[in-house]
**Student:** 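Sharing a structure below in structure tokens format, with a few things to ask.
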Amino acid sequence: MKKTKSNKAWFLVLPVFILVAFSAIVPLMTVVNYSIQDIFGATRYFVGVEWYREILNNSRLQDSLVRQFVFSGSVLLIEVPLGIAVALMMPKAGKWSVVTLLVLALPLLVPLNVVGTIWQIFGRADIGLFGWGLNALGMDYNYAANPMDAWFTVLLMDVWHWTSLIALLCYSGLRAIPDAYYQAASIDRASNWAVFRYIQLPKLKSVLLIGVLLRFMDSFMIYTEPFVLTGGGPGNSTTFLSQALTKMAVGQFDIGPAGAFSIIYFLIILLVSWLFYTAMTHGDSK
Amino acid sequence: MAEIHLKSLAHSYNRHAEKPEYAIREMDHVWHDGGAFALLGPSGCGKSTLLNIISGLLKPSDGEVLFNGVKVNDILPQDRNIAQVFQFPVVYDTMSVFDNLAFPLRNMGAGDAKIQSKVSEIAEILELTEVLKKKAANLTADEKQKVSMGRGLVRDDVSAILFDEPLTVIDPQLKWKLRRKLKQIHQKFKTTMVYVTHDQLEASTFADKIALMYQGQVVQFGTPRELFEQPNHTFVGYFIGSPGMNFLEVKRCEQGVCLGEKIFPLNELEKQALQMIDSNNLKVGIRPEFVHVWDDPDDSAYRAEVEFVEDLGTYKIVSLRLGEHLIKARLQEDQKVPKEHAFISFPEQWLMLYIDEFLVAKDDHNEEN
Ligand SMILES: Nc1ncnc2c1ncn2[C@@H]1O[C@H](COP(=O)(O)OP(=O)(O)OP(=O)(O)O)[C@@H](O)[C@H]1O
Ligand SMILES: [Mg+2]
């Protein structure tokens, strides 16, 4: 049979194309447009990669980038193992499993700025239970003055807020493992560690991939909570990338450099997410 | 290797409910040391439950499990030294096939040399040698199930190997081959094997003795031939054979039992039993293979109408109407099929009497069954 080719089918793809264009391509291109021009009101010059060079050489931004990687790295290193551990310890059925699910889901429902506010007050040395408590125990804790304390508080806040996400994802992943696997393992005389290593962890891989990507992207773009909690301080010690970007774009109205910054920011997230993805799915086929 | 004795065993999944339902109803059973057994029965009769109790995955609500006379109720599956293969393949995805097969041996602390030789031996038998280096996640369903079976078979010192319908997911040709392999393995190592299935053909090709289970109890334990010739419960008669045994409801009469006008002769033992037991649930049973079909009237034959004939290639099934009963008879392919009506007779030797669904033995030495 001879195949007749018709290009009419492209019309059916058109709506999706328009949607994607307006939601992603057009805004992104606008930013690209800003990033290669110098704009003063109505006059504009083409500057090529000038802004990119400037951004990459800006030492404050370099510091922010390093800070950002340390933060996201710590978040993943703490929340992923902790989330898995919590999921493993959760009751499997009955009313207690419902109670734990509810308790775990609670932090996820709190709006970001409220989370910041909660910890801002909670951590205060004079009226906050947490800050006051630490000081009462003899620790010299003050997140507004001491960079280490500020970091500790921001991390703790993020762990409080988001570990549940990993735990809930893993919990659903664990429930999906058929009993036969555990039965076979006990027949094969596997140790608890071997059950975790060879049954639970491999079966959690796909949910963990989602969890790690979500947590990486989210933490890498974190803005509201540290902004409310520490305002980026003391000094610049908790100023992360998105806050630096906002300062530049909205505070100083440097649209050109801010555009270049956004593009670089976007590319970094894309690159790291891709690295995580390939690293975690690597070795599936052999 | 061990003799497995189930003593007054019973199990309920909802023991604390108001009306507990028993998946295993109180029973006694012995799996002799070194035998190849099949556990046969319809879906939901409790086969998997019984197997899980033997391996220790389930704790029975009542009764005892004894291995060589030692009670093992409180011993975990890990420590019972028993292998079990499940209906659906279970493999450790991230391990290679070799590591999968070696896993139980490593957990027992076996040495490298022993692991090497044992794994390659079993891989050879199951034809997995080619894929030993492959990751288990990338195998086909057939291969995965072979790996699952292999993990049960590598341990040669186990008390017993339990198979829970292991060939369900395997395609028919390979099924047949694997069943023969299992049989060979049994002959070689003489490990006690219990093979669960709901397929009578599978049971009789694998096992020396079949335990037929019905509603949570083993109703008969015997060779395939015993189950066929002397089913000791109407359910056995109905379940074994294709088609199953014919059963006719009969009444007491002076000479024995009667179907309407017709009298079925009984021997002395059967007459005694009939006198002793005061029940009106009486049936006679006869296998379709043993029903004689004639064209012409015969002294002992009854006239029956031919309802329909099924030609199944090497044999034919004729359905005959005798009063209100439908009787099936199995004819060889070269045997002439009567038209419209036929004369049938039931050889006394193969006519079984059932009181309250249980067989009345024709001679003394069967009494113990
Ligand atoms: N985990 C369980 N909880 C409650 N009831 C169960 C459970 N497992 C089995 N049962 C019940 O126990 C009875 C026996 O089940 P079992 O799985 O032992 O049957 P089976 O003979 O293996 O059937 P099949 O051939 O379908 O595998 C069934 O009525 C079943 O509904
Ligand atoms: Mg079953």
**Student:** Check the pair N14(B), S12(B) against side chain to side chain donor-acceptor pair (under 3.5 Å), reporting the backbone distance first and the verdict last.
**Tutor:** CA-CA 5 Å; N14(B) 55 352; S12(B) 166; 3.1 Å; yes
**Student:** To check you understand the geometry: which heavy-atom pair defines the closest contact between H11(B) and T49(B), and what is its length?
**Tutor:** CD2-CG2, 3.8 Å
**Student:** Would you call the rings of F152(A) and F130(A) parallel, tilted or perpendicular, where under 30° means parallel and over 60° means perpendicular?
**Tutor:** parallel
**Student:** Under 6.0 Å between ring centres, would you say that holds for F196(A) and W193(A)?
**Tutor:** yes
**Student:** Measure R80(B) against the heavy atoms of chain A and call it side chain, backbone, both or neither at under 4.5 Å.
**Tutor:** neither
**Student:** Report the option among I82(B), N52(B), N81(B), L57(B) that has the most heavy-atom pairs separated by less than 4.5 Å from atoms of chain A.
**Tutor:** L57(B)
**Student:** Quick one: which residue pairs count as a side chain to side chain donor-acceptor pair (under 3.5 Å) with a foot in residues 162-175 of chain A, not counting sequence neighbours?
**Tutor:** none
**Student:** Closer than 3.5 angstrom, by distance alone: can the side chain of N107(B) be matched with the main-chain N or O of D188(A) as a donor-acceptor pair?
**Tutor:** yes
**Student:** Between R15(B) and D62(B), does at least one N-O distance fall below 4.0 Å, as a salt bridge requires?
**Tutor:** no
**Student:** Are F240(A) and F71(A) close enough that their ring centers fall under 6.0 Å?
**Tutor:** yes
**Student:** Which residues, numbered in order, of residues 143-154 of chain B come under 4.5 angstrom of chain A by heavy-atom distance?
**Tutor:** R151(B)
**Student:** Are F276(A) and F216(A) close enough that their ring centers fall under 6.0 Å?
**Tutor:** yes
**Student:** Which bit of I199(A) is near chain B, if near means a heavy-atom gap under 4.5 Å: side chain, backbone, both or neither?
**Tutor:** side chain
**Student:** Identify the residues of residues 177-186 of chain A whose heavy atoms come closer than 4.5 Å to a heavy atom of chain B, ordered by number, or report 'none'.
**Tutor:** A180(A), Y181(A), Q183(A), A184(A), A185(A), S186(A)
**Student:** Sub-4.5 Å heavy-atom contacts with chain A: which residues of residues 87-102 of chain B show up?
**Tutor:** P89(B), V90(B), V91(B), Y92(B), D93(B), T94(B), M95(B)
**Student:** Would S48(B) and D164(B) count as having a side-chain donor-acceptor pair, cut-off 3.5 Å?
**Tutor:** yes
**Student:** Donor-acceptor pair, distance only, cut-off 3.5 Å: does the side chain of Q62(A) make one with the backbone of L56(A)?
**Tutor:** yes
**Student:** Of the non-hydrogen atoms in E165(B) and T197(B), which two are nearest, and what is the gap between them?
**Tutor:** CG-CA, 4.1 Å
**Student:** Looking only at atom types and distance, does a side-chain atom of T192(B) sit under 3.5 Å from a main-chain N or O of A2(B), one as donor and one as acceptor?
**Tutor:** yes
**Student:** Is K175(B) salt-bridged to D199(B), cutoff N-O under 4.0 Å?
**Tutor:** no
